[in-house]
*Asks:* 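The structure that follows is given in the form of structure tokens.
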Amino acid sequence: MNIQNTIREAIVAELRRQAEAGEDALLIEIRDDEFVVVNGRINLDALIMVVEGALAGGP
């Protein structure tokens with residue numbers, strides 16, 4: 001698996017997690033493997049932590 005796929009999977013997983021938490025009524029729609037439609041607020045700090053973890057090789 002290359003780093004781009006790792007980062008992509010981490011971002012999508014975090015967006016799904018935030019949407020499921022329902023705190024800010026975040027709605028996401030995954031289109032193909034290249035596009036994500038997002039409506040709502042995203043916790044940017046949480047998203048950054050996930051990307052940093054993916055780059056560092058963390059879980």
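For the numbers below, each heavy atom of this structure counts, side chains included, while hydrogens, waters and symmetry mates do not.
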*Asks:* Of I11, V36, I30, which meets side-chain contact (heavy atoms from CB on, under 4.5 Å) against R16?
*Replies:* I30
*Asks:* Just jot down the side-chain hydrogen bond (donor to acceptor under 3.5 Å, both in side chains) partners of E29, sequence neighbours excluded, or say none.
*Replies:*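 Only R31 meet the side-chain hydrogen bond (donor to acceptor under 3.5 Å, both in side chains) criterion with E29.
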*Asks:* Nearest 0.5 Å, what's the CG-CD distance between L15 and E20?
*Replies:* 11.0 Å
*Asks:* Atom CD in E52, atom CD1 in I7: separation rounded to 0.5 Å?
*Replies:*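 Between atom CD of E52 and atom CD1 of I7 there are 11.0 Å.
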*Asks:* In terms of hydrophobic clustering (I, L, V, M, F, W, Y; side-chain heavy atoms under 4.5 Å; direct or indirect links), are L27 and V12 co-clustered?
*Replies:*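 No, separate clusters.
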*Asks:* Do L44 and V50 sit in the same hydrophobic cluster, where Ile, Leu, Val, Met, Phe, Trp and Tyr count as joined when their side-chain heavy atoms come under 4.5 Å apart?
*Replies:*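 No: no chain of side-chain contacts under 4.5 Å links L44 to V50.
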*Asks:* Quick one: does any side-chain atom of N43 pair with a main-chain N or O of D45 as donor and acceptor, under 3.5 Å?
*Replies:* yes
*Asks:* Does R41 have any salt bridge (Lys or Arg N to Asp or Glu O under 4.0 Å) partners at least two apart in sequence or in another chain, and if so, which?
*Replies:*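 In terms of salt bridge (Lys or Arg N to Asp or Glu O under 4.0 Å), with neighbours along the sequence ignored, R41 is linked to D24.
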*Asks:* Walk me through whether N39 and L26 qualify under side chain to side chain contact (heavy atoms under 4.5 Å, CB included).
*Replies:* CA-CA 6 Å; N39 184 6; L26 176 64; over 6 Å; no
*Asks:* Quick one: do R17 and E14 make a salt bridge, cutoff under 4.0 Å?
*Replies:* yes
